[in-house]
Amino acid sequence: MFKKQTSFTLNDETKTLIIGTAIQNNIVGKVFEGLNIDASALEGSHTKTLHTLGKLPSKKVVLIDEQALNDHKKRPELINGLGVFKEDAIVLLDAFDEANMELLGEAIGLSQYTFDEFKTKKTEKGTVYYHTASDAAAFENGLVMADATNFTKDLVNRPYNALNAEKLGDIAKELESIDNVSVKVLGKKDIEKMEMGAFLGVNKGSTDEPKLIHVTYEGDASNQEKTALVGKGIMFDTGGYSLKGVQSMPSMKMDMGGAASVLGAIKAAATLGYKANISAIVAATDNRIGDDAILPDDILTSANGKTIEIISTDAEGRLTLADALWYAQQEGATRIVDIATLTGSVIGALGDTITGAFSNHSEFYQTFEKTANEAGELVWRLPIGDEHRKSIETPFADIKNSGGRKGGASIAAAFLEHFVDEKTPWIHLDIAGTAFDSTQGAKGPMVKTMAKLFE
Ligand code: BES
Ligand code: MN
Ligand code: ZN
């Protein structure tokens, strides 16, 4: 929990002090003097906890290296080093450089994240107070960004038996408490009415209803631009009859990572009151086997009328995205970013720290890339070539849903391209590598970048 504290004296002995290293600052100066140290106490690490041993009223001081705070490569290690504060702590904002306030709030917010919903023994957590003589808005904006990323991580970390399509819809509905946000959650009947045959096909093997989740934020009524963030929402991916193996199925609760990131991004942008019109759209279902599940060779008709031959029921994300992309345009999107844990192939190409990107619009992509760079999130553009487009041709339908093993991330993008009007600026993000780590858990990729697109 984070709380603003209006008055503060160094005589407060109940809280751990958190300070930067700007020696010209009054408080930092007093603490350094009291402990008889200087900034070199950090000894090359990004954070340091000092026990004051009676030299100051508070028992502990945490030093934060502000240069590392500002460095995208070092920041994750710094956040990790801070860890969860077991006891109450107070961040003395005036003991940091003004320019670092937002990053500081974000780092502190991210550092307190734990996922212990399913642990019988919960992590001990103190309250984190923050104090400044002036206004704390920038720090609080950083806290909002961290809170949105933590929200995304929670969604991804929850297993299927705690989070199916319906529950995701319920959680999305709660975003309505934010100003200018409205949420629609459409059920199977409405999805059938819209003839979303591709989306419904994926859901056929399931015992749970599909949900089409549509969150709208209207933050700039005078602006014609409406950006849709479309997230892959496969609540669990067994592969369907093209069943995944014992090795590759665990962790597939993460297959709604795109959905979680778009919900986090719109939550941040709306809470921060950015001047923009945004929607977050998710076609949510699990992908599993069942008496009625789709089979390879089946042909589905998507909402935009194109027919799709199923080669692999494990290439299900692109099927749900096809109809979600159609819906986004139907709802008047002038620009689209989709984000999906789409292909194992992108992990082979870029590893698990860089998100793969595709776009039909270089100017929009450049804006996006610049935003990602400023946010410190790694992204690399990959091509959609004619050979990829050709690989999904089939004699039996308009296209097929898999085009072989080589260049799988580009083939998936070539598939999605069929469902986006070529005049609509579009970016496709493949986060199969960046969404989740089996030891670290969810990573919350692109929440900050997508939100900051609208700052
Ligand atoms: N959800 C998977 C992609 C994935 C793999 C995400 C590993 C995270 C980690 C996706 O639905 C899938 O199964 N893709 C197949 C596509 C293939 C059948 C064309 C893949 O990448 O193997
Ligand atoms: Mn799959
Ligand atoms: Zn999948």
Side-chain angles (χ1 to χ4, degrees), residues 156-157 160 165 198-199 201-206 210 230-261 282-289 293-298 308-324 338-356 358 382 388-389 391-394 399-416 428-446:
V156 175
N157 284 329
Y160 178 75
F199 178 24
V202 176
N203 179 253
K204 265 186 99 191
S206 180
V230 177
K232 172 175 172 182
I234 297 295
M235 308 309 296
F236 190 87
D237 184 10
T238 69
Y241 276 108
S242 313
L243 196 62
K244 287 187 184 295
V246 181
Q247 300 293 335
S248 56
M249 204 186 297
S251 80
M252 279 302 141
K253 65 176 180 181
M254 70 144 115
D255 216 18
M256 34 61 74
S261 283
V282 176
T285 176
D286 48 299
N287 179 35
R288 69 205 304 180
I289 53 174
I294 53 166
L295 300 171
D297 294 349
D298 279 0
I308 306 163
E309 181 190 19
I310 304 303
I311 299 301
S312 172
T313 62
D314 199 12
E316 83 298 338
R318 64 198 72 181
L319 299 172
T320 58
L321 286 168
D323 285 340
D338 82 68
I339 174 165
T341 47
L342 204 59
T343 68
S345 155
V346 82
I347 312 174
L350 299 176
D352 55 13
T353 60
I354 306 173
T355 292
F358 300 83
L382 297 167
H388 306 120
R389 295 185 178 103
S391 76
I392 51 172
E393 288 176 2
T394 165
I399 46 171
K400 55 183 178 179
N401 79 333
S402 173
R405 297 200 53 79
K406 290 183 279 181
S410 291
I411 292 170
F415 180 94
L416 297 178
H428 158 58
L429 302 171
D430 195 334
I431 54 165
T434 48
F436 188 83
D437 176 295
S438 50
T439 51
Q440 210 186 310
K443 297 191 281 187
M446 297 293 146

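What's counted below: heavy atoms across the whole structure, side chains too, no hydrogens, waters or symmetry copies. The model shown is predicted, which means the values in this text are computed figures rather than measured ones. Start at 1 and go down the list; that is how both ligands and their atoms are numbered.
- With rounding to the nearest 0.5 angstrom, the CG atom of Asp430 is 8.0 Å from the CD1 atom of Ile347.
- In summary, an N, O or S atom of Lys232 is located under 2.8 Å from the Zn ion (ligand 3).
- Between Ser345 and ligand 1, not a single N/O pair is under 3.5 Å apart.
- Considering both main-chain and side-chain atoms, Gly344 comes within under 3.5 Å of ligand 1 through a nitrogen or oxygen pair.
- With a 4.0 Å heavy-atom cut-off, ligand 1 is reached by the side chain of Asp237 but not by its N, CA, C or O.
- Nearest to atom 5 (C) of ligand 1 by heavy-atom distance, out of Met252, Arg405, Met249, is Met252.
- Within Glu316, the N, O or S atom at minimum distance from the Zn ion (ligand 3) carries the name OE2.
- Every atom of ligand 1 is numbered from 1 in the order shown, and the set under 4.0 Å from a heavy atom of Lys232 is 1 (N), 10 (C), 11 (O).
- Atom OD2 is the N, O or S atom of Asp237 at the shortest distance from the Mn ion (ligand 2).
- Side-chain N/O atoms of Thr355 and Thr434 include a donor and acceptor closer than 3.5 Å.
- Note: angle at the Zn ion (ligand 3), from OD2 of Asp237 to OD2 of Asp255, is 90° (rounded to 10 degrees).
- With a 4.0 Å cut-off on non-hydrogen atoms, Ser312 touches ligand 1 through its side chain and not its backbone.
- At a heavy-atom cutoff of 4.0 Å, ligand 1 is contacted by no atom of Ile411, backbone or side chain.
- Interface of Thr341 with ligand 1, defined as ligand atoms under 4.0 Å from a residue heavy atom, comprises 1 (N), 2 (C), 3 (C), 6 (C).
- Here Asp298 contributes atom CG and Ile311 contributes atom CD1; the two are 11.0 Å apart, rounded to the nearest 0.5 Å.
- For ligand 1, the atoms lying closer than 4.0 Å to a non-hydrogen atom of Glu316 are 11 (O).
- Atoms CG and CZ, from Asp338 and Phe358 in turn, are 10.0 Å apart once rounded to the nearest 0.5 Å.
- Taking 4.5 Å as the limit, some side-chain heavy atom of Val346 sits within range of a side-chain heavy atom of Leu382.
- Phe415 CZ to His428 NE2: the interatomic distance, rounded to the nearest 0.5 Å, is 11.5 Å.
- The Mn ion (ligand 2) sits nearest to atom OE1 when only the N, O or S atoms of Glu316 are considered.
- The shortest side-chain heavy-atom distance between Ile308 and Arg318 does not fall under the 4.5 Å cut-off.
- Panel note: side chain Ser312, backbone Ser242; no donor-acceptor pair is recorded below 3.5 Å.
- Side-chain atoms of Leu243 and Thr238, non-hydrogen and from C-beta on, do get closer than 4.5 Å to each other.
- The Met254 neighbourhood of ligand 1 comprises atoms 8 (C), 9 (C), with distances under 4.0 Å to a heavy atom of that residue.
- At distances below 3.5 Å, at least one donor-acceptor pair connects side-chain atoms of Asn401 with backbone N or O atoms of Ala315.
- Because the distance cut-off is set at 2.8 Å, Asp314 qualifies as a neighbour of the Mn ion (ligand 2) through one of its N, O or S atoms.
- Atoms of ligand 1 found under 4.0 Å from any heavy atom of Arg318, numbered from 1 in the order shown, are 16 (C), 19 (C).
- At least one N/O-N/O distance between Asp314 and ligand 1 falls below 3.5 Å.
- Listed for the Thr320 side chain is a donor-acceptor partner under 3.5 Å among the backbone atoms of Gly317.
- For the pair Thr343 and ligand 1, the shortest N or O to N or O distance does not fall below 3.5 Å.
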